[in-house]
> 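Structure in structure tokens, see below.
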Amino acid sequence: MSQLHVINHPMVQHKLTIMRDKETGSKDFRELLKEIALLMGYEVTRDVPLEDVEIETPICKTMAKRVSGRKLAIVPILRAGMGMVDGLLNLVPVARVGHIGLYRNEETHNPVVYYCKLPEDIQDRLVIVTDPMLATGGSACDALTMLKERGCTNIRLMCLVGAPEGIERVRQAHPDVDIYLAAVDDHLNENAYIVPGLGDAGDRIFGTK
Ligand code: PRP
Ligand code: URA
């Protein structure tokens with residue numbers, strides 16, 4: 001079974017509280033999401049392998065560590081997942097970025113695919129899928145399936161807020177994918193919104209409502 005990592009670092013929790021506040025505007029919301037993504041990125045990449053390399057400091061030659069092995073890809077689920085990309089790119093500037101476009105049908109709440117563009121060698125990379133909201137889990141499950149159909153075998157899901165229903169659905173459908181969250185919220189409401197949540201993440205990032 002996959003592991004659920006809840007990043008309860010005080011700075012992450014503090015920033016998330018400001019994001020939840022309905023008075024927080026798009027500019028601050030975006031900046032906070034980017035900052036949290038970078039902080040969560042430390043945990044998501046905690047076990048990437050290192051190798052020894054010889055370098056020369058201004059003082060002498062020495063052996064030092066650098067990241068080795070698998071390269072990284074960041075795959076946001078459009079739109080809201082885009083808000084987490086820059087924070088992760090600050091941490092791993094050489095990562096490649098793919099995009100999966102999904103939106104939830106407002107009546108059925110089922111995800112609809114409208115775009116998919118991924119790095120050519122995505123199957124050789126550690127893939128971090130980003131989406132701030134894990135509600136029913138439908139969007140995340142479909143995105144993970146699309147990546148597996150393209151040969152990806154090492155995938156992590158990084159969200160901000162998750163509902164128990166969505167977490168359970170992803171864990172059942174994709175037991176090989178670890179999930180990283182800043183908070184596990186209480187439940188979904190009748191419109192499949194997370195309670196207490198933070199509202200519609202896409203609208204709050206892009207100011208569309
Ligand atoms: C939101 C969110 C997730 C999805 C989560 O996107 O960013 O992708 O809903 O819900 P689920 O777990 O029930 O699938 P939305 O469909 O509103 O699209 P948007 O990002 O373009 O606004
Ligand atoms: N999508 C969002 O943006 N927010 C929710 O609470 C659920 C789905």
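Numbering of ligands and ligand atoms starts at 1, following listing order.
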> N/O of Asp131 under 3.5 Å from N/O of ligand 1, yes or no?
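Right, the criterion is met.
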> Ignoring angles and geometry beyond distance, decide whether Arg79 reaches within less than 3.5 Å of ligand 1 through its nitrogen or oxygen atoms.
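N/O-N/O distance under 3.5 Å: yes.
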> Is it true that a side-chain atom of Arg96 and a backbone atom of Arg125 form a donor plus acceptor pair closer than 3.5 Å?
no
> Can you list the steps and then say if Tyr42 with Ile7 is a side chain to side chain contact (heavy atoms under 4.5 Å, CB included)?
CA-CA 10 Å; Tyr42 280 104; Ile7 316 294; over 6 Å; no
> Using modelled atom types and a 3.5 Å cut-off, is there a donor and acceptor pairing between side-chain atoms of Thr24 and backbone atoms of Ile18?
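Checked: pair present.
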> Against ligand 2, does Arg104 come closer than 4.0 Å with any heavy atom?
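A heavy atom of Arg104 does come that close to ligand 2.
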> Between the candidates Thr130, Leu78, Val170, Thr136, which shows the shortest non-hydrogen contact distance to atom 13 (O) of ligand 1?
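Ranked by closest heavy atom to atom 13 (O) of ligand 1, first place is Thr136.
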> Counting each atom of ligand 1 from 1 as listed, which ones have a heavy atom of Ala80 under 4.0 Å away?
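The list of qualifying atoms is 7 (O), 20 (O).
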> For Gly199, counting its heavy atoms only, list the atoms of ligand 2 lying under 4.0 Å from any of them.
2 (C), 3 (O), 4 (N), 5 (C), 6 (O)
> So is Ala135 polar-close to ligand 1, meaning N/O to N/O under 3.5 Å?
yes
> Provide the number and element of each atom of ligand 1 under 4.0 Å from a heavy atom of Met133.
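Selected atoms, number and element: 2 (C), 3 (C), 5 (C).
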> Indicate yes or no for a side-chain donor-acceptor contact from Arg204 to the backbone of Gly199 under 3.5 Å, with no hydrogens or angles considered.
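No, Arg204 side chain to Gly199 backbone: no donor-acceptor pair under 3.5 Å.
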> Among the heavy atoms of Ala163, does any lie under 4.0 Å from an atom of ligand 2?
no
> In the single-linkage hydrophobic clustering (I, L, V, M, F, W, Y; side-chain heavy atoms under 4.5 Å), do Leu39 and Val44 co-cluster?
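In one cluster: yes.
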> Just do the side chain to side chain contact (heavy atoms under 4.5 Å, CB included) check on Leu160 and Leu198 with the steps written out, would you?
CA-CA 10 Å; Leu160 193 59; Leu198 47 73; 3.8 Å; yes
> Hey, does Ala192 come in under 3.5 Å of ligand 2, counting only N/O atoms on both sides?
no
> List ligand 1 atoms under 4.0 Å from Tyr103, heavy atoms only on the residue side.
16 (O)
> I need the Glu51 CD to Lys65 NZ distance, nearest 0.5 Å.
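That separation rounds to 10.0 Å.
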> Could you tell me whether the side chain of Asp121 and the main chain of Asp124 form a donor-acceptor pair under 3.5 Å?
no
> Taking the side chain from Asp86 and the backbone from Lys34, do they hold a donor-acceptor pair closer than 3.5 Å?
no
> For atom 17 (O) of ligand 1, what's the nearest protein heavy atom and its distance?
Asp200 OD2, 4.0 Å
> Return a yes/no value for Ser139: is any of its N or O atoms, backbone included, closer than 3.5 angstrom to an N or O of ligand 1?
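Yes; the residue has a nitrogen or oxygen that sits under 3.5 Å from a nitrogen or oxygen of the ligand.
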> Would you say atom 1 (C) of ligand 1 makes contact with the protein, given that contact here means a non-hydrogen protein atom less than 4.0 Å away?
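Within 4.0 Å: no protein heavy atom nearby.
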> Where's the contact between Ala201 and ligand 1, heavy-atom distance under 4.0 Å: side chain, backbone, both or neither?
neither
> Could you find the nearest protein heavy atom to atom 16 (O) of ligand 1 and give me its residue, atom name and distance?
Arg104 N, 2.8 Å
> Polar contacts were defined as any N/O atom of the residue lying under 3.5 Å from an N/O atom of the ligand; does this apply to Ile194 and ligand 2?
yes
> If you measure every N or O of Ala135 against every N or O of ligand 2, does any of those distances drop under 3.5 Å?
no
> Could you tell me if Thr136 and Arg104 have a donor-acceptor pair between their side chains, going purely by distance under 3.5 Å?
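Result is no, nothing qualifies.
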> Within this structure, what is the CE-CG distance for the pair Met63 and Asp52, rounded to the nearest 0.5 Å?
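One gets 5.0 Å once the value is rounded to the nearest 0.5 Å.
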> Assess Gly137 for proximity to ligand 1: is some non-hydrogen atom of it under 4.0 Å away?
yes
